[in-house]
Amino acid sequence: MKKIVLLVILAGLGWWYFVGGRSLTEEGVRKHYDEQSSAMARFDAEALCAMLHDDYRATEVSITPAGTLKATVDRVQACDNIGAALEPMKKLSEMSGGQAGISFANNISKVTLSEDGKSATVEGEGRFSMAGALLIKSKYTEELVRRNGSI
């Protein structure tokens, strides 16, 4: 009896490791972005950084008055950038008693799941506004991968 229970437990763990913990759904992808938006609204750089896997890589393209800037960042650099961007916004919000009207919006336009369900390509647009005025608009295409239950 103990062997059967042990085999059932091992089979369940094997299924989770190879299938369940690695499968993405559109609902799961949207939930991930909702969690990101919530962390942004709280100015929680640590939570945002915790969402990035150790092998995270991003190519950022910024269009500024000085021209187009392109940079590739890893997890450490991305976490530093997140903290540097959110800290002044958090201070401004605290100084104004929350009246600065800082808001973040994330609009996902397309989610394409891979055939094996282990990754998804997400296209969308992020907007950062203050006092109703749009300050930053970014378009993105991201490749999400689910490992051990997290995206």
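On a predicted model such as this, the values are computed, not experimentally measured, just so you know. Residue numbers count from 1 along this sequence. Computed over heavy atoms, backbone and side chain alike; hydrogens, waters and symmetry mates excluded.
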Approximate separation, where rounding is to 0.5 Å, of Ile108 CD1 and Asn106 CG: 5.5 Å
Min side-chain heavy-atom separation Thr25-Val29 under 4.5 Å: no
Between OG on residue Ser129 and CG on residue Leu134, distance to nearest 0.5 Å: 5.0 Å
side-chain contact (heavy atoms from CB on, under 4.5 Å) evaluation trace for Lys70 with Thr59: CA-CA 7 Å; Lys70 187 174 182 179; Thr59 301; 3.5 Å; yes
Close side-chain approach of Arg75 and Asp54, heavy atoms under 4.5 Å: yes
Side-chain donor/acceptor of Gln77 to backbone N/O of Asp74, under 3.5 Å: yes
Rounded distance [0.5 Å steps], CD in Glu46 versus CD1 in Ile82: 11.5 Å
Results of side-chain hydrogen bond (donor to acceptor under 3.5 Å, both in side chains) for Glu35 - residues two or more places apart only: none
Under 3.5 Å side-chain donor-acceptor pair for Glu143 and Ser119: yes
Pairwise distance NE2(His32) to OG(Ser37) - rounded to 0.5 angstrom: 9.5 Å
pair Leu144-Thr121: side-chain heavy atoms closer than 4.5 Å: no
Parallel, tilted or perpendicular: ring planes of Tyr140 versus Tyr33, cut at 30 and 60 degrees: parallel
Test item: Asp44 and Leu48 side chains (from C-beta on) under 4.5 Å apart, heavy atoms: no
NZ/NE/NH1/NH2 to OD/OE distance under 4.0 Å, Glu27 and Lys31: no
Side-chain (Ser93) to main-chain (Met89) donor-acceptor, under 3.5 angstrom: no
Atom of Ala47, atom of Ala39 and distance for their closest heavy-atom approach: CB-CB, 4.1 Å
Shortest non-hydrogen separation from Tyr56 to Ala78 and the atoms involved: CE2-CB, 3.6 Å
Check: Arg127 side chain, Lys137 main-chain N or O, donor-acceptor pair, under 3.5 Å: no
Joint cluster assignment, Leu92 & Leu86, ILVMFWY side-chain distance < 4.5 Å: yes
Side-chain (Ser114) to main-chain (Ala120) donor-acceptor, under 3.5 angstrom: no
Between Thr141 and Glu123, a side-chain donor and acceptor under 3.5 Å: no
